[in-house]
Amino acid sequence: MFQRPLSAEYTGLTPEETVTRIAAAKATLGSDLAILGHHYQRDEIIRWADYRGDSLKLSQIAGLHPEAKYIVFCGVHFMAESADILTNDDQIVILPNMSAGCSMADMASIGQVEAAWEAFGEVTDTSRIIPITYVNSTAAIKDFVGRNGGACCTSSNARKVVEWALAKGDKIFFLPDQHLGRNTAVGLGLDPEADMLLWNQNAPDGHGGTTPEKIRASKVLLWTGHCSTHARFKVEQIEKAREDFPGVQVIVHPECSLDVVKAADLNGSTEYILKVISEAPAGTIWGVGTEINLVSRLAQEHPDKTIFCLDPVVCPCSTMYRIHPHYLLWVLENLVNGVVVNQVKVKPEIAANARIALQRMLEIV
Ligand code: 13P
């Protein structure tokens, strides 16, 4: 997504000037404005959020505030698209920096997904396959899923959505995160080898690197996608944490690979990680496998506990990090002047079925 660079009027501001002007613009906009902040946002952004949450919570919140004329989504592009789909037509959803995308969502294009579906249809009955897309996907893929009787899920409710889909059909097609799909299915007792296949959309054979027999035999058809931030977490880091910190409890995000999730004590969404650690007794030790802004904030907010990131050199989610306070200020001051910049608007012909898929997700919690 293209984002034109900010002018020197904004990039030249000091942090203090930026804070003063964001506060003033936010106060002027009052109840016309709701700022939503994902847990991976930096502290300088999250301090302005009226609502913080994981993907599920923020989707729920987006639909619950019809009074807000403007929803400024401090997160990534697919989240703003979902918010647009779930809000009223007269509400305006804004992403402060249009280049805040999601590399995992970019791993599945609608053309590739339609091609895979067609290939499945050549060897099996697709009316018995229920597609499930992780919300980290484009609105076009949510539309495909809605059209084909499926649902969206987040890491908070993936288990329930997969259970629902397996009761409804013979197979599920889970995209784009292979790890969340595999971890969830293994959690339901399925075998990662016998019951699942990995469809490789880039396979040179043009058939996903699999066979018709394997497609027919598998209950779970996984897409080859992953989160680049969570791919950094390894079993060796967990082993080292257990050596260095006897008594440590390891908690990771289910976008981590199966071996990492198995080696951890607990796994769950960002909201779950936050809740578990916040409610843990003083003196407990936590090795955490997720994005660094959330881990650092937890460590600051709970000085009575030892909280550290399993990867000592983990970088932040580079696209979440693109929401810089200068961009937030720029969109807010434009709104004060009656100008809407960076609106995220999903085409109505895509939004209708995408909404069905998202609403199923919100019902299955
Ligand atoms: P949750 O906040 O739903 O756990 O998702 C994390 C994530 O990867 C967002 O892109």
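Whatever order the structure lists ligands and atoms in, that order sets their numbers, starting from 1. Only a predicted model underlies this, so the values are computations on that prediction, with no experimental measurement involved.
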Q.
Please confirm whether Ser155 approaches ligand 1 to less than 4.0 Å, judged on its heavy atoms.
A. yes

(Q) Are any of the N/O atoms on Thr154, whether in the backbone or the side chain, positioned under 3.5 angstrom from an N/O atom of ligand 1? (A) no

Q) What about the rings of Trp117 and Phe144, do their centers lie closer together than 6.0 Å? A) yes

**Q.** Proximity of Phe245 and Phe308 rings by center, below 6.0 Å
**A.** yes

**Q.** Lys/Arg N to Asp/Glu carboxylate O, Arg147 vs Asp143, below 4.0 Å
**A.** yes

Q: Report yes if some heavy atom in the side chain of Met79 is under 4.5 Å from a heavy atom in the side chain of Val135; otherwise report no.
A: no

Q. Taking distance alone, with no angle check, do Glu271 and ligand 1 share an N/O pair under 3.5 Å?
A. no

(Q) What I'd like to find out is whether the side chain of Leu266 reaches to under 4.5 Å of the side chain of Val250, using heavy atoms alone. (A) no

Q) Given side chains that start at C-beta, do those of Thr124 and Lys171 come closer than 4.5 Å, heavy atoms only? A) yes

Q.
How far is atom 4 (O) of ligand 1 from the closest protein heavy atom, and which atom is that?
A. His253 NE2, 2.7 Å

**Q.** Residue-ligand contact His38/ligand 1, heavy atom below 4.0 Å
**A.** yes

**Q.** ligand 1 contacted by Glu291 (non-hydrogen, < 4.0 Å)
**A.** no

**Q.** Leu56, Asp54, Asn136: member with heavy atom nearest to atom 10 (O) of ligand 1
**A.** Asn136

(Q) If we only consider heavy atoms of Met79, is any one of them less than 4.0 Å away from an atom in ligand 1? (A) yes

Q) Does an N or O anywhere in Glu255 fall below 3.5 Å from an N or O of ligand 1? A) yes

Q) Which residue holds the protein heavy atom closest to atom 3 (O) of ligand 1, what is that atom called, and what is the gap in Å? A) Ser55 OG, 3.0 Å

Q) Can Tyr40 be said to touch ligand 1, with heavy atoms closer than 4.0 Å? A) yes

